**Student:** 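First the structure, then my questions, so here it is.
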Amino acid sequence: PVWGYGGATDSKTVDAQFGAEAAFSIMTAFLSRTTLVHDVGFLEYGYTSSMEALVIADEVIDMTRFMLAGIDINPTTLALGAIGRVRPGAGFLADDHTLDNWTWAQWKPGLMDRQRHERWEKRGSKDLYAQANTRARKLLAESEVPPLSDAVESVVAAVLAARG
């Protein structure tokens, strides 16, 4: 086991500094094979935290996992047929192989916005922080914490009574 941190920042807000520090610390945690990552969503050296930061860091973690998973080497990914068909000066975008395989060969964000500006405006012009706020509120509203068993409740009560 290796303890480390990732997804944290010295920034006081969820801003560009947060994004850069969170992304690089997440990447470092992955590259160093950290098995217990602490501090995700922490701001201001751990004095505060943010649900929006946590949600954004989760997106960065997903992207990092995709990037570091590597590429399977097999007949589909080698695309030798496409390489043979595409001539110098042409491109692979119109080849059937690309059209059949592009969707799984790229990371798809769940939070970050890849829309054109006009479409983004029509959908409310939400920046990343606003998107993260909406996602965090949805997750909190839908979250159901199962109740503790009677046995666990009695142990907690006993500990509290002993300290009391």
Side-chain angles (χ1 to χ4, degrees), residues 1-11 13-46 48-86 90-145:
V2 177
W3 183 94
Y5 78 96
T9 183
D10 290 333
S11 180
T13 63
V14 181
D15 60 4
Q17 178 183 337
F18 159 76
E21 289 179 350
F24 281 109
S25 63
I26 287 166
M27 180 68 80
T28 301
F30 270 83
L31 291 173
S32 63
R33 307 247 191 262
T34 302
T35 54
L36 176 62
V37 179
H38 195 273
D39 295 357
V40 177
F42 281 13
L43 304 173
E44 194 182 3
Y45 14 87
T48 56
S49 63
S50 163
M51 291 300 294
E52 293 84 4
L54 189 58
V55 169
I56 293 168
D58 182 60
E59 182 99 334
V60 174
I61 289 166
D62 189 52
M63 184 190 309
T64 305
R65 277 195 179 118
F66 182 86
M67 289 172 47
L68 296 182
I71 300 171
D72 240 1
I73 303 299
N74 59 49
T76 301
T77 59
L78 285 174
L80 295 178
I83 292 169
R85 286 188 297 275
V86 176
F92 288 91
L93 289 179
D95 189 83
D96 285 342
H97 181 273
T98 303
L99 297 173
D100 292 340
N101 292 286
W102 72 272
T103 57
W104 61 263
Q106 64 177 324
W107 175 76
K108 294 178 197 87
L111 184 67
M112 295 181 191
D113 188 315
R114 289 185 169 170
Q115 303 174 79
R116 295 189 60 86
H117 192 271
E118 297 80 22
R119 187 173 182 160
W120 172 76
E121 279 184 326
K122 286 180 185 173
R123 291 186 170 187
S125 306
K126 283 186 165 184
D127 64 10
L128 183 59
Y129 184 86
Q131 292 281 85
N133 182 272
T134 300
R135 168 83 52 86
R137 289 178 184 279
K138 183 177 189 288
L139 289 170
L140 289 170
E142 294 174 355
S143 176
E144 290 185 34
V145 179

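For clarity, every value in this text was computed on a predicted model and none was experimentally measured.
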**Student:** Hey, does Trp3 have a side-chain heavy atom less than 4.5 Å from the side chain of His38?
**Tutor:**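 Yes. Closest side-chain heavy atoms under 4.5 Å.
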**Student:** Is the backbone of Thr77 close enough, under 3.5 Å, to the side chain of His97 for a donor and an acceptor to pair up by distance?
**Tutor:**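 Absent.
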**Student:** Rounded to the nearest 0.5 Å, what separates atom OG1 in Thr134 from atom CG in Leu139?
**Tutor:**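 Going from the OG1 atom of Thr134 to the CG atom of Leu139 covers 11.0 Å.
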**Student:** Between Thr98 (side chain only) and Ala94 (backbone N and O only), is there a donor and an acceptor less than 3.5 Å apart?
**Tutor:**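 Flag not set: sc Thr98 to bb Ala94 has no pair under 3.5 Å.
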**Student:** Closest heavy-atom contact between Thr35 and Val2?
**Tutor:**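 Looking at all heavy atoms of both residues, the closest pair is OG1-N, 2.7 Å.
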**Student:** What is the distance from atom CZ of Arg114 to atom CD of Gln106, rounded to the nearest 0.5 Å?
**Tutor:**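 Between atom CZ of Arg114 and atom CD of Gln106 there are 6.0 Å.
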**Student:** I need the Asp15 CG to Thr9 OG1 distance, nearest 0.5 Å.
**Tutor:**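 The distance works out to 7.0 Å.
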**Student:** Closest approach of Asp10 and Glu21, non-hydrogen atoms and distance?
**Tutor:**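 Answer, listing the atom of Asp10 first, then Glu21: N-OE1, 2.8 Å.
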**Student:** At their closest point, which heavy atom of Gly4 faces which heavy atom of Thr34, and how far apart are they?
**Tutor:**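 Looking at all heavy atoms of both residues, the closest pair is N-CG2, 3.4 Å.
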**Student:** For the residue pair Asp58 and Val55, establish whether any side-chain heavy-atom pair is separated by less than 4.5 Å.
**Tutor:**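 A side-chain contact is absent here, since even the closest heavy-atom pair is not under 4.5 Å.
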**Student:** Looking only at non-hydrogen atoms, find the nearest pair between Leu43 and Ser50 and report the distance.
**Tutor:**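 Looks like CD1-CB, 3.8 Å.
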**Student:** Looking at Arg33, I want to see if its CZ is surrounded by more than 12 non-hydrogen atoms of other residues, nucleotides or ligands under 6.0 Å.
**Tutor:**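 For Arg33, atom CZ is not crowded (no more than 12 foreign heavy atoms under 6.0 Å).
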**Student:** Taking everything shown except Leu93 itself, do over 12 heavy atoms lie less than 6.0 Å from its CG?
**Tutor:**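 No, not enclosed.
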**Student:** To check you understand the geometry: which heavy-atom pair defines the closest contact between Leu111 and Ala132, and what is its length?
**Tutor:**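 Nearest heavy atoms, Leu111 then Ala132: CD1-N, 3.7 Å.
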**Student:** Look at atom OH of Tyr5 and say whether more than 12 heavy atoms of other residues, nucleotides or ligands are closer to it than 6.0 Å.
**Tutor:**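 For Tyr5, atom OH is not crowded (no more than 12 foreign heavy atoms under 6.0 Å).
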**Student:** Ignoring hydrogens and geometry, is there a side-chain-to-backbone donor-acceptor pair from Arg123 to Gln115 under 3.5 Å?
**Tutor:**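 Side chain of Arg123 to backbone of Gln115: no pair is present.
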**Student:** Can you measure from OG1 (Thr103) to NZ (Lys108) and round to the nearest 0.5 angstrom?
**Tutor:**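 Rounded to the nearest 0.5 Å, the OG1-NZ separation comes to 5.0 Å.
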**Student:** In terms of ring plane angle, is the pair His117 and Trp120 parallel, tilted or perpendicular, where the classes change at 30° and 60°?
**Tutor:**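 Tilted: the ring planes of His117 and Trp120 meet at 30° to 60°.
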**Student:** Would you say Leu68 has more than 12 foreign heavy atoms packed within less than 6.0 Å of its CG?
**Tutor:**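 Yes, the 6.0 Å shell around CG holds more than 12 heavy atoms from other groups.
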**Student:** Looking at side-chain heavy atoms only, is the closest gap between Phe18 and Ile56 below 4.5 Å?
**Tutor:**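 The answer is yes, as the side chains (C-beta and beyond) meet within the 4.5 Å cut-off.
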**Student:** Is it the case that more than 12 heavy atoms not belonging to Arg85 sit under 6.0 Å from its CZ atom?
**Tutor:**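 Counting neighbours around CZ of Arg85, more than 12 heavy atoms of other residues, nucleotides or ligands fall under 6.0 Å, so yes.
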**Student:** Please tell me if the side chains of Asp113 and Leu128 come closer than 4.5 Å, counting only heavy atoms from C-beta onward.
**Tutor:**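 SC-SC contact between Asp113 and Leu128 ruled out.
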**Student:** Are Val37 and Phe30 packed together at the side-chain level, in the sense that at least one heavy-atom pair is separated by less than 4.5 angstrom?
**Tutor:**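 Not touching, per the 4.5 Å side-chain cut-off.
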**Student:** Distance from Tyr45 atom OH to Ser11 atom OG, nearest 0.5 Å?
**Tutor:**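 Spacing of OH (Tyr45) from OG (Ser11) equals 10.0 Å.
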**Student:** Is it the case that more than 12 heavy atoms not belonging to Lys138 sit under 6.0 Å from its NZ atom?
**Tutor:**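 For Lys138, atom NZ is not crowded (no more than 12 foreign heavy atoms under 6.0 Å).
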**Student:** Please find the pair of heavy atoms, one from Asp127 and one from Ala130, that lie closest to each other, and give the distance.
**Tutor:**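 Heavy atoms of Asp127 and Ala130 come nearest at OD1-N, 2.8 Å.
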**Student:** To the closest 0.5 Å, what do you measure between CD1 (Ile83) and CG (Asp95)?
**Tutor:**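 Result: 10.0 Å between the selected atoms.
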**Student:** With the side chain counted from C-beta on, respond yes when Met112 and Val60 share a heavy-atom pair under 4.5 Å apart, and no when they do not.
**Tutor:**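 Yes. Closest side-chain heavy atoms under 4.5 Å.
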**Student:** Would you say Phe66 has more than 12 foreign heavy atoms packed within less than 6.0 Å of its CZ?
**Tutor:**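 Atom CZ in Phe66 is packed in, count exceeds 12.
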